[in-house]
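Worksheet: one structure, shown below.
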Amino acid sequence: MTPAEFVERLDAENQTRLAGLAPDATLVPEVKGALNVPNLLKVALKNEIEATEIAARWLVATDDVGVKLALARQVGDEAKHYRLIADRLRTLGFDPDTIDPLAAGYGPLFTYLDGLKSTVERVAAGQFTREAIAVVKNRQFIEFCERAGDRETATLYRDVIEPDERHHHALGRALLLRLATTESQQAAATAAARRTLELADELQKKALATAGIHHAPGC
Ligand SMILES: [Fe+2]
Ligand SMILES: [Fe+2]
């Protein structure tokens, strides 16, 4: 396959699998106990700091200047998202300085991504796929915020965070077009994308089972 054919195929496969992450549009989600915007924003802090750090680790680990610059932009964006979410939490009455999002350690998706060794796998998993997941999850979170009457958080996600996450996905696409040129690179990229989606699905099911969370924002 040419890189262009490969990226189109991977995108189509991802979109099919992502449909499984999106709840039925007609299903009104049940909000139980402490499932509210501030608690979901605390989950978002963890996702954003992990996204910041994985991009920073990969920036240092590659010799490819184009990849370094793409990751540098992402590091800055994810750190900005963290700060904006922390500011929003403060406005909602929660002191973000008392929250350590890594107190319980890094999550399984971070650990998986951190173990990837090749740039093509990292880009397929971390930018092309994880950021596509983030776009879906953020769309669900925006709807959740609107139902909860929190227009400011919805606007923050719609106008600032979501466009950045789309850009990260687009960066992943551009890099894959350049890097996924051989059959073995394409196979490695496909496997990394699939595992990322599986982990996201497992994490969502676990969050749903343990905390009733279906709308935790992505990064
Ligand atoms: Fe992102
Ligand atoms: Fe982000």
Side-chain angles (χ1 to χ4, degrees), residues 10-11 14-15 18 21-22 37-62 66-90 96 99 101-102 106-114 116 119 121-145 152-176 189 192-193 195-197 199-200 203-204 207 213 215-219:
L10 186 61
D11 196 25
N14 277 359
Q15 292 306 322
L18 275 171
L21 281 180
V37 171
N39 281 343
L40 289 170
L41 289 176
K42 290 175 194 169
V43 177
L45 285 181
K46 181 172 176 114
N47 288 334
E48 298 292 356
I49 196 68
E50 288 192 347
T52 304
E53 183 161 340
I54 199 72
R57 290 187 184 194
W58 289 349
L59 187 167
V60 175
T62 181
V67 175
K68 274 187 190 293
L69 291 171
L71 290 168
R73 150 104 200 229
Q74 192 183 355
V75 170
D77 288 344
E78 309 295 12
K80 179 183 75 178
H81 299 163
Y82 188 99
R83 183 178 54 75
L84 290 168
I85 293 163
D87 289 347
R88 182 68 192 136
L89 274 168
R90 198 184 303 281
I99 300 165
L102 295 175
Y106 295 96
L109 181 56
F110 179 94
T111 304
Y112 170 70
L113 294 174
D114 195 38
L116 292 173
T119 301
E121 289 171 297
R122 291 169 175 168
V123 166
Q127 276 77 46
F128 190 72
T129 302
R130 191 191 193 196
E131 298 292 337
I133 296 168
V135 167
V136 170
K137 288 184 157 288
N138 287 342
R139 205 182 304 137
Q140 294 172 2
F141 181 60
I142 289 165
E143 287 170 15
F144 178 88
C145 291
E152 278 185 53
T153 304
T155 300
L156 169 64
Y157 268 81
R158 186 183 293 111
D159 293 354
V160 183
I161 294 176
E162 162 107 17
D164 285 343
E165 312 304 14
R166 282 186 192 281
H167 183 75
H168 302 155
H169 170 72
L171 281 173
R173 175 185 294 272
L175 292 172
L176 273 184
R195 186 65 191 134
T196 300
L197 279 161
L199 278 168
L203 289 174
Q204 174 161 304
I213 292 177
H215 302 97
C219 49

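Counting starts at 1 for both ligands and their atoms, in listed order. For clarity, every value in this text was computed on a predicted model and none was experimentally measured. Numbering of residues begins at 1 and proceeds along the displayed sequence. Quick note: numbers below take in every heavy atom, side chains included, and nothing from hydrogens, waters or symmetry partners.
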Discussion item. What protein N/O/S atoms are there under 2.8 Å from the Fe ion (ligand 1), waters excluded?
Written reply: Glu78 OE2, Glu131 OE1, Glu131 OE2, Glu165 OE1, His168 ND1, Cys219 O
Worksheet entry | Contact check, side chains of Asp164 and Lys80, non-hydrogen atoms, under 4.5 Å | yes
Fill in: Set of residues satisfying side chain to side chain donor-acceptor pair (under 3.5 Å) with respect to Thr196, sequence neighbours excluded
none
Item to complete: Could you check Asp114, Leu199, Ile133 and say which one makes a side chain to side chain contact (heavy atoms under 4.5 Å, CB included) with Leu109?
Response: Leu199
Worksheet entry | Partner of Glu50 by side chain to side chain contact (heavy atoms under 4.5 Å, CB included), out of Leu113, Leu102, Thr111 | Leu102
Response to the item:
One should read off an interatomic distance between Leu89 CG and Leu45 CG, to the nearest 0.5 angstrom, of 5.5 Å
Response to the item:
Atom name of the N, O or S atom of Glu48 nearest to the Fe ion (ligand 2) is OE1
Discussion item. Quick check on side-chain hydrogen bond (donor to acceptor under 3.5 Å, both in side chains): which of His81, Arg130, Gln74 does Glu165 satisfy it with?
Written reply: His81
